[in-house]
Undergrad: 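Starting off with a structure, shown below.
First the proteins, then the strands, lettered A, B, ... as listed; each starts at 1.
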There are 4 protein chains.
Amino acid sequence: MSERMDQWLTELVRLNEDDRVTDRQLSILRAAVEVFAEKGFAAASTSEIAQRAGVAEGTIFRHYKTKKDLLLSITVPVIDEFVGPFLLRDLDTILTAQHERFEDFLRAVLFNRLQFANKYAQVLRILAQEIPFHPELKAQLKQYVTENVLKRLVGIIEHFQEKGEIARIPAPTVIRLTVSVILSHVVLRHILFHDAPWQDDEEIEMTVRFIVQGLRPDASRDQK
Amino acid sequence: MSERMDQWLTELVRLNEDDRVTDRQLSILRAAVEVFAEKGFAAASTSEIAQRAGVAEGTIFRHYKTKKDLLLSITVPVIDEFVGPFLLRDLDTILTAQHERFEDFLRAVLFNRLQFANKYAQVLRILAQEIPFHPELKAQLKQYVTENVLKRLVGIIEHFQEKGEIARIPAPTVIRLTVSVILSHVVLRHILFHDAPWQDDEEIEMTVRFIVQGLRPDASRDQK
Amino acid sequence: MSERMDQWLTELVRLNEDDRVTDRQLSILRAAVEVFAEKGFAAASTSEIAQRAGVAEGTIFRHYKTKKDLLLSITVPVIDEFVGPFLLRDLDTILTAQHERFEDFLRAVLFNRLQFANKYAQVLRILAQEIPFHPELKAQLKQYVTENVLKRLVGIIEHFQEKGEIARIPAPTVIRLTVSVILSHVVLRHILFHDAPWQDDEEIEMTVRFIVQGLRPDASRDQK
Amino acid sequence: MSERMDQWLTELVRLNEDDRVTDRQLSILRAAVEVFAEKGFAAASTSEIAQRAGVAEGTIFRHYKTKKDLLLSITVPVIDEFVGPFLLRDLDTILTAQHERFEDFLRAVLFNRLQFANKYAQVLRILAQEIPFHPELKAQLKQYVTENVLKRLVGIIEHFQEKGEIARIPAPTVIRLTVSVILSHVVLRHILFHDAPWQDDEEIEMTVRFIVQGLRPDASRDQK
DNA sequence: TATGAATGAGGATTCATTCAT
DNA sequence: AATGAATGAATCCTCATTCAT
């Protein structure tokens, strides 16, 4: 796991610190992620981070002015990543592929989110923990979601409503229900069952069907 | 809200501290809930709690041996409450009322959980925050859930499967999907929209229909 | 010296902290004065102060929120004392005793200031050291001096000019010269010669005569 | 001022570092003087000095083994300059010009000191701040003063006492009074009024007359 | 029982200095 | 010669907990 982590850490940090990430920085970040995830930000001590990183405590502060800066340098890029690629890469292709069914769209999204969570599991946990206490983080996430995600999702929903695959209930509610199920699926898979048995393919299939069927227009509803 | 809070705090503490809850204890608990919710357990200081409670620092430690004890005296009873009444009071009546449909059952549960969350919003937030860092809490919740909730839920699910209202997919999956949607509904309602406009009745209806329809046996699925 | 110090420290702190000064506070203040005087504020460490005071480091911060607060609690009362009694008690009596000569006035002031400096030598040293780096201190001293001291001094000077004992040169210049000599006398006596031989009475006499004669109207000057 | 400063800094450093002063050294010294003057030696950080000098932190320590060395390389030459040229250049000429009056001597000295203070204002401030905490500095200044200044001044005083321009009071006292007034004049001029209105010529004249008259033999004193 | 002063370990952060490049 | 990353001791300060009153 250490190797896989280094990989995405490197990616992550390169994103906003334009350029070089030294080995030392990487080991600091790795240790920070570990300790933050284990104890929570407030209960994590810079001295423990330094120790685990095999680095003097002062070294941390040469690279990150404060403990909070260290937190942000880990979490902020994940917020970007959370939204960015999701929409740009995957969804656009889905949208342009007009022939696809809602079902295929859902499968793609769920698969994509599961991979994302798998990659960033630890940082996502930290992010979820800390967001309530750091207004900047909250604000940034909110902005991303409202500016990028929501608008596009509404478009997609309406697209499938016109195709008759989704009932004509308000888009926000459709989003709420769909996201709830997908998010819960991902959280359960990676947080509760991250080392337990879990039939991925089957569960994915059932989740997708549940949503599709739950949102399908039906006689009784449409007549209303 | 302060009054309502005092009420449930009194209830809560009585549950496991057999009997007397002095005014002082109550104000300490109230202050603790406030501060823990605002800053998180680790970042909350006992001195601030004492100050808000209008009590000397030492007084807290006369009633609660450690800061963690204070946390547990707030969260543990909520875990009990979370599970206990839910099952004993409401569900049994539902189960015995054999004529009820799955839909009615869901509506009842969702309504019940919304009220529960409304009552204990702050403590639930604390609980959600702290559970990852306190194995005892996690263990206790897990025990309760597996021992009481799951078994009963399986029974209920099978009951409705026999009645043909739920498709014949594995009970755990049914539970996962149902709970996901209900929990998400509750969380959204009380955390994200706790002071925003939200059409309670309509959203409840749509959530219920979504689940019912999502789980309904249908031709295509059954043929497989 | 320790006893004498305790005495004035007690006085000093009572002045602005209305009421009780515990033994512990006193030993903290005594240690702080010592260490600040020896090493300067910036180079003094709270841990050394605590050690010398025979007190845990945390105890200091129970009584004084910050290291700077500790400094201010020592220096601010001295600024008040520096000006207050000087004017109210002594000078008024001098002014009302219309028959006194400028010479007697000077002798009284010089004597008074020497005693003041003797009492507060260490704190005055700290004050002199730190004033350039703490704008609040500078501002407070300036305000006191301009509001209280200068106005009164101008009155006194003019009084003696009318009596013909001081030449008709601008009052500010008279003040500058007089204060220079008195202050220098005091500083030399208590800073450079604080443990060296120094004939107090004779030097006082010579300082007084020097000023009196230096400011006396003389034929050549008046004709101009 | 930057240019003027460079000039004297160059002079200053050449004096004791026999020869080469690179541009880098100069900018380090300039930055050091600035920061020491602003914050005091103890509160000044080498990193800020390096930053202001546009130089890497390590570079400072290549030229000056420790932070204190940097301080000494700034202050020590000023002590030399303070005493040395003052006596050698100016006073000797005054002494040999036997016809001059005490008044002219004072005027020359005061003028010279004002210029000196103007040139070295910042470093003198640093010196005054730091002398109490650095015994070597104190010792060096004391040695210079007693060895060079005092002896010569006594000679000069006696010279004017023989000419009947100064009363027959002990030379140390004459020096004390004279130096007090001159030093105070200089300090006031350059520290308190360094950017305020101040009639230089007139104030100089009044200071000189004050001293001359204050020390003049008079009937009453001589009869004693 | 309640207080709040006292504790001292531990917190984040700064800083003069070193040293490999 | 110059750099600047790395160090780790030392800094001010906070905090949960204790205990005499």
Undergrad: Nearest to the B:Thr59 side chain among E:dC15, E:dT13, E:dA2, which nucleotide is it?
TA: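 The answer is E:dA2, which lies nearest to the side chain.
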Undergrad: Check this one for me: any side-chain N or O of B:Thr46 less than 4.0 Å away from OP1 or OP2 of F:dA16?
TA: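 Indeed, a polar side-chain atom of B:Thr46 lies that close.
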Undergrad: Take the protein atom CD1 of D:Ile28 and the nucleotide atom P of F:dG4, then report the distance between them rounded to whole Å.
TA: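 About 13 Å, once rounded to whole Å.
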Undergrad: Given pairs defined as Watson-Crick or G-U wobble with both distances under 3.5 Å, what dot-bracket annotation applies to DNA chain F, with ( ) intrastrand, [ ] crossing, | other strand and . unpaired?
TA: .||||||||||||||||||||
Undergrad: Find the distance C:Glu57:CD to E:dA12:C1' and express it as a whole number of Å.
TA: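 Nearest whole value for this atom pair: 14 Å.
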Undergrad: Measure from the side chain of A:Phe61, starting at C-beta and using heavy atoms only, and say which of E:dT13, E:dG11, F:dT18 lies closest.
TA: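 Selected nucleotide (nearest to the side chain): E:dT13.
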Undergrad: Within this structure, what is the CD1-to-P distance between D:Ile49 and E:dT17, rounded to whole angstrom?
TA: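 Roughly 11 Å, once rounded to whole Å.
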Undergrad: Return the value, rounded to whole Å, for the distance between atom CZ of D:Phe41 and atom P of E:dC15.
TA: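 To the nearest whole Å, that distance equals 13 Å.
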Undergrad: Measure CD1/D:Ile60 against P/F:dT3 and give the value in whole Å, please.
TA: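 Rounding to the nearest Å, CD1 of D:Ile60 and P of F:dT3 are 10 Å apart.
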Undergrad: Closest nucleotide of DNA chain E for A:Ala44 versus for B:Gly54: which of these residues is on the 5' side?
TA: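 The 5'-side residue here is B:Gly54.
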Undergrad: Between B:Arg52 and B:Glu38, is the salt bridge (charged side-chain N to carboxylate O under 4.0 Å, His left out) condition met? List the steps.
TA: CA-CA 13 Å; B:Arg52 288 212 205 172; B:Glu38 267 173 41; 2.8 Å; yes
Undergrad: OP1 or OP2 of E:dA6 versus the side-chain N and O atoms of C:Arg24: is any pair under 4.0 Å?
TA: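 So the side chain of C:Arg24 is within the cut-off, an N or O lying under 4.0 Å from OP1 or OP2 of E:dA6.
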Undergrad: Measure the distance from CG on C:Leu70 to P on F:dT11 and round it to the nearest whole Å.
TA: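 Distance, rounded to whole Å: 15 Å.
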Undergrad: Is it the case that C:Thr46 and C:Glu57 place a side-chain donor and acceptor less than 3.5 Å from each other?
TA: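 Their side chains do contain a donor-acceptor pair, which is all the 3.5 Å distance test asks for.
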Undergrad: Could you go through the salt bridge (charged side-chain N to carboxylate O under 4.0 Å, His left out) check for D:Arg30 and D:Glu34 one step at a time?
TA: CA-CA 6 Å; D:Arg30 201 186 322 149; D:Glu34 256 181 62; over 6 Å; no
Undergrad: Drop me the distance from A:Phe36's CZ to A:Leu29's CG, to the nearest 0.5 angstrom.
TA: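 These two atoms lie 9.5 Å from each other.
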Undergrad: Could you please name the option among E:dT7, F:dT17, E:dA12 that lies closest to any side-chain atom of C:Val55?
TA: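 Nucleotide nearest to C:Val55's side chain: E:dT7.
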Undergrad: Closer than 4.0 angstrom, basic N to acidic O: yes or no for B:Lys68 and B:Glu136?
TA: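 Counted as a salt bridge, because a side-chain N and a carboxylate O are separated by less than 4.0 Å.
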Undergrad: Could you tell me the separation between the NZ atom of D:Lys67 and the P atom of F:dA10, rounded to a whole number of Å?
TA: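 To the nearest whole Å, that distance equals 15 Å.
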Undergrad: Let's see if you can work this out: which of F:dC12, E:dT3, E:dT13 has an atom nearest to the side-chain heavy atoms of C:Ser45?
TA: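 My answer, after comparing the listed nucleotides, is F:dC12.
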Undergrad: For E:dA6, does OP1 or OP2 lie under 4.0 Å from any side-chain N or O of C:His63?
TA: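 Checking C:His63 against E:dA6: at least one side-chain N or O falls below 4.0 Å of OP1 or OP2.
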Undergrad: Here's a test for you: under side chain to side chain contact (heavy atoms under 4.5 Å, CB included), which of C:Ile79, C:Thr66, C:Leu137 qualifies with C:Leu72?
TA: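 The single option meeting the side chain to side chain contact (heavy atoms under 4.5 Å, CB included) with C:Leu72 is C:Leu137.
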Undergrad: Should A:Thr75 and A:Glu130 be marked as a side chain to side chain contact (heavy atoms under 4.5 Å, CB included) after you check the CA-CA gap, both sets of side-chain angles, and the distance that decides it?
TA: CA-CA 9 Å; A:Thr75 48; A:Glu130 294 310 321; 5.9 Å; no
Undergrad: Check this one for me: any side-chain N or O of C:Arg62 less than 4.0 Å away from OP1 or OP2 of E:dA5?
TA: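 Answer yes for this pair, as a side-chain N or O of C:Arg62 is under 4.0 Å from OP1 or OP2.
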